[in-house]
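Quick note on labels: first sequence line is chain A, next is B, and so on, each numbered from 1. Model, not experiment: these values are computed from the prediction.
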Number of protein chains: 2
Amino acid sequence: MTAPEPSWDFYRTFLAVLEHGSLSAAARDLGLTQPTVGRHVDALEQSVGAELFTRSQQGLLPTDAALVLKPYAETLASTTAALLRAASGSRDKVSGTVRISASEVIGTEVLPQILATLQAQYPELIVELSPSDAVEDLLQREADIAVRMVAPAQEALLARHIGTISLGLYAHRSYIERHGKPETIEELRRRHKMIGFDRQTAYIRTMLKRYPMLDGVSFSFRSDHSTALHNALRAGIGIGFYQTPLARRDVSLVRLLPEIELSIETWIVMHENLKTSPRCRVTFDALVAGLLDYVKENDAGGRP
Amino acid sequence: MTAPEPSWDFYRTFLAVLEHGSLSAAARDLGLTQPTVGRHVDALEQSVGAELFTRSQQGLLPTDAALVLKPYAETLASTTAALLRAASGSRDKVSGTVRISASEVIGTEVLPQILATLQAQYPELIVELSPSDAVEDLLQREADIAVRMVAPAQEALLARHIGTISLGLYAHRSYIERHGKPETIEELRRRHKMIGFDRQTAYIRTMLKRYPMLDGVSFSFRSDHSTALHNALRAGIGIGFYQTPLARRDVSLVRLLPEIELSIETWIVMHENLKTSPRCRVTFDALVAGLLDYVKENDAGGRP
DNA sequence: CAGATGATATACATAAATGTATGACGGCAC
DNA sequence: GTGCCGTCATACATTTATGTATATCATCTG
């Protein structure tokens, strides 16, 4: 009755099929062949006692059962990846791979510089940077180190509070030239176009909670992609929130309504048990130093 | 240069070798043979580029590298186990396996009754109960449902606050007959023996913080094992803290110094994405109902 | 409608992993 | 010391898993 525990490799194959939607595509990805992948799926279905896919000739459609199992398989995949990262590099030298998770803005605009100097110092260090506003779970080992905007509430995590990054309203010079400079919130609401996020993110809710009078502003451009938003801002499409330290680096950006200011807390978080790993240690330290520098620019040259 | 990703089965073998300390023992456990296990370890060492064990003829000693990888492998094992539990049972019927983590006291003294009625109702439900004071990590899927004494600080978890369990000082009637009944804390400190935990647990620290005058009481019996402690208490060895609802069930236990009272908060916690699983759902609900009943006994027949 | 493409399924040959049998070494009890 | 039991390592046979080749069907394109 009790089927023997399936080969753990079946889970890898299962996940690949789930992600690619066909045996053939999964086989290409895994470096196997289509019959083998098919047999793996058969065997796994046998073991778990449930149909995982409804086969058709244009691919495989996952059943509900397969979707239930998907997050587990994803955990397996991220854990094996983390294991291999942990195994990479020796315990004395700074070498091997470290995976960093950060928000899109921080990851694309701030971290590259910091990591560049780090890698100059440690040429054998390989950095995987995952700029994403989806929170990757450190406990599930999706990343080794994370730059986060929420306080970590986890025992097993080593967290370092960096400070507060301030956000202000900015527009490109060219926008101001065409539309003028709003001097009051009322003007902003009535006569100007804003740039914002596509979804009601936690960030937006925070903004409205702090500045309820902003409710009802019209948006001319929405995107979930931070870089696209920033490029839209720089292209003069409209007015948007921008991290103050970043804005200072671009002289063509003009601060508007300086009384409006949001702030986000920043932490750097790492697994407790990675602190003995030299590559994670130095990366953590470099991120701390670099981001402390970054938040310092909040007020540099600010109201004198 | 880049070794191909090792078979995920190697991790399972690796973990078994780590746990059993020898190729042969691991092979027996896995239902493989010793040469196969040896080859798996060889292959994994090749893949990660590090020695994992120093071989000797009385077994294999894990290297530092192996110890670094151990927690990852353990995560893999618990995840695969959770995956199989998730796959067990259909989505309509209450069947399959659910794994519950709880403290030793709750797990041994309180839950069996609750689970008995649950299983009478759902004969196809299989319950795995892990009574342990080590916190099993729900995010790592070591358990499906946990009864916890600390507030869960995790987004992805569905938590239900049960209430407060009160703890009081109790002794068995036979102890009182022999040593008398302490009427003051001073008497307790000077003339009585207490039963307590072996280590300085968080619980002990809480106690001393709340009742600093208890510092310096002498202990006649210490153990990390809650059941052993309670049996010692019932055997009349000494005075100890006991959960009030439990003590009420045993008429031979006498409450001492009723002004001394500790309380522990109780939560029931489950994965967010398990709430669609009928077996987890009904188990969760049964635990909630049963433990709400249990904490109600705190004050039943209390100070009138 | 014909033909190219991409999908799964099956039959068969091959390569790879596993098991069996055995040897060598070390600890432990008597 | 001797016998016994445990360990790992190696050589060889066998089973198992995998790859190759092919058939069949669906979809899209011209």
Side-chain angles (χ1 to χ4, degrees), chain A residues 2-48 50-67 69-70 73 76 80, chain B residues 2-48 50-67 69-70 73 76 80:
Chain A
T2 336
E5 197 196 340
S7 162
W8 288 9
D9 283 331
F10 294 169
Y11 302 129
R12 170 167 54 184
T13 305
F14 164 69
L15 189 61
V17 173
L18 215 42
E19 284 172 345
H20 291 94
S22 87
L23 299 181
S24 314
R28 281 192 296 273
D29 181 42
L30 293 168
L32 299 174
T33 57
Q34 167 257 320
T36 300
V37 172
R39 284 186 283 250
H40 281 191
V41 172
D42 289 342
L44 187 59
E45 285 181 330
Q46 186 81 16
S47 287
V48 305
E51 281 238 310
L52 295 174
F53 299 95
T54 53
R55 271 107 162 143
S56 80
Q57 277 169 336
Q58 60 261 39
L60 275 75
L61 194 75
T63 64
D64 289 351
L67 294 177
L69 302 187
K70 188 179 181 190
L76 291 176
T80 56
Chain B
T2 334
E5 198 196 340
S7 162
W8 287 10
D9 284 331
F10 293 168
Y11 301 131
R12 169 166 56 183
T13 306
F14 165 70
L15 189 61
V17 173
L18 215 43
E19 285 172 345
H20 291 93
S22 87
L23 300 181
S24 315
R28 280 192 296 274
D29 181 42
L30 294 168
L32 299 174
T33 57
Q34 167 256 320
T36 300
V37 172
R39 285 186 282 250
H40 282 189
V41 172
D42 288 343
L44 187 59
E45 285 180 330
Q46 187 81 16
S47 286
V48 304
E51 280 238 310
L52 295 174
F53 298 95
T54 54
R55 273 112 162 135
S56 80
Q57 278 171 335
Q58 59 261 39
L60 274 75
L61 193 74
T63 63
D64 289 351
L67 294 177
L69 302 187
K70 188 180 181 190
L76 291 177
T80 56

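Taking side-chain N and O atoms only, B/Arg55 has a distance below 4.0 Å to OP1 or OP2 of D/dA9. Here B/His40 reaches the OP1 or OP2 of C/dT18: one of its side-chain N or O atoms lies under 4.0 Å away. For C/dA17, neither phosphate oxygen OP1 nor OP2 lies less than 4.0 angstrom from any side-chain nitrogen or oxygen of B/Thr36.
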Derivation and outcome, side chain to side chain contact (heavy atoms under 4.5 Å, CB included), residues B/Leu60 and B/Thr54: CA-CA 6 Å; B/Leu60 274 75; B/Thr54 54; over 6 Å; no

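Taken from CG in B/Leu69 to CG in B/Leu15, the straight-line distance is 11.0 Å, to the nearest 0.5 Å. A distance of 7.0 Å separates NZ in B/Lys70 from CG in B/Leu67, rounded to the nearest 0.5 Å. Note that the OG atom of B/Ser22 and the CD atom of B/Gln34 stand 8.5 Å from one another [nearest 0.5 Å]. Taken from CG in B/Asp64 to CD in B/Glu51, the straight-line distance is 12.0 Å, to the nearest 0.5 Å.
Here C/dA17 presents its C1' atom at 14 Å from CG of B/Asp42, a figure rounded to the nearest Å. Rounded to whole angstrom, the span from the CG atom of A/Leu60 across to the C1' atom of C/dA7 amounts to 9 Å. Atoms CG (A/Leu52) and P (C/dT8) sit 15 Å apart, rounded to a whole Å. Taking atom CZ of B/Phe10 as the reference point, atom P of C/dA16 lies 13 Å away to the nearest angstrom. As rounded to whole Å, 9 Å separates atom C1' of D/dT18 from atom CG of A/Leu32.
Between the side chain of A/Gln34 and the base of C/dA7 there is no donor-acceptor pair of N/O atoms closer than 3.5 Å.
Residues satisfying the side chain to side chain contact (heavy atoms under 4.5 Å, CB included) test with A/Asp29, not counting sequence neighbours, are A/Ala16, A/His20. Not counting sequence neighbours, the partners of A/Thr80 by the side chain to side chain contact (heavy atoms under 4.5 Å, CB included) test are B/Glu5, B/Trp8, B/Tyr11, B/Leu76.
Bending across the helix from C/dC1-D/dG30 to C/dC30-D/dG1, expressed as the angle between its end axes from five pairs apiece, amounts to 30° (10° rounding).
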For residues 35-45 of chain B, which side-chain N or O atoms pair as donor and acceptor with protein atoms under 3.5 Å away, sequence neighbours left out?
from: B/Thr36; atom 1: OG1; to: B/Thr33; atom 2: OG1; distance (Å): 3.1
from: B/His40; atom 1: ND1; to: B/Thr13; atom 2: OG1; distance (Å): 2.8
from: B/Asp42; atom 1: OD1; to: B/Arg55; atom 2: NH2; distance (Å): 2.3
from: B/Glu45; atom 1: OE1; to: B/Arg55; atom 2: NH1; distance (Å): 3.0
from: B/Glu45; atom 1: OE2; to: B/Leu52; atom 2: N; distance (Å): 2.8
from: B/Glu45; atom 1: OE2; to: B/Phe53; atom 2: N; distance (Å): 3.3
from: B/Glu45; atom 1: OE2; to: B/Arg55; atom 2: NH1; distance (Å): 3.2

Could you go over nucleotides 11-14 of chain C and give all protein N or O partners under 3.5 Å, atom names and distances?
none

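Residues of residues 12-31 of chain B that place a heavy atom closer than 4.0 Å to DNA chain C, in numerical order, are B/Gly31.
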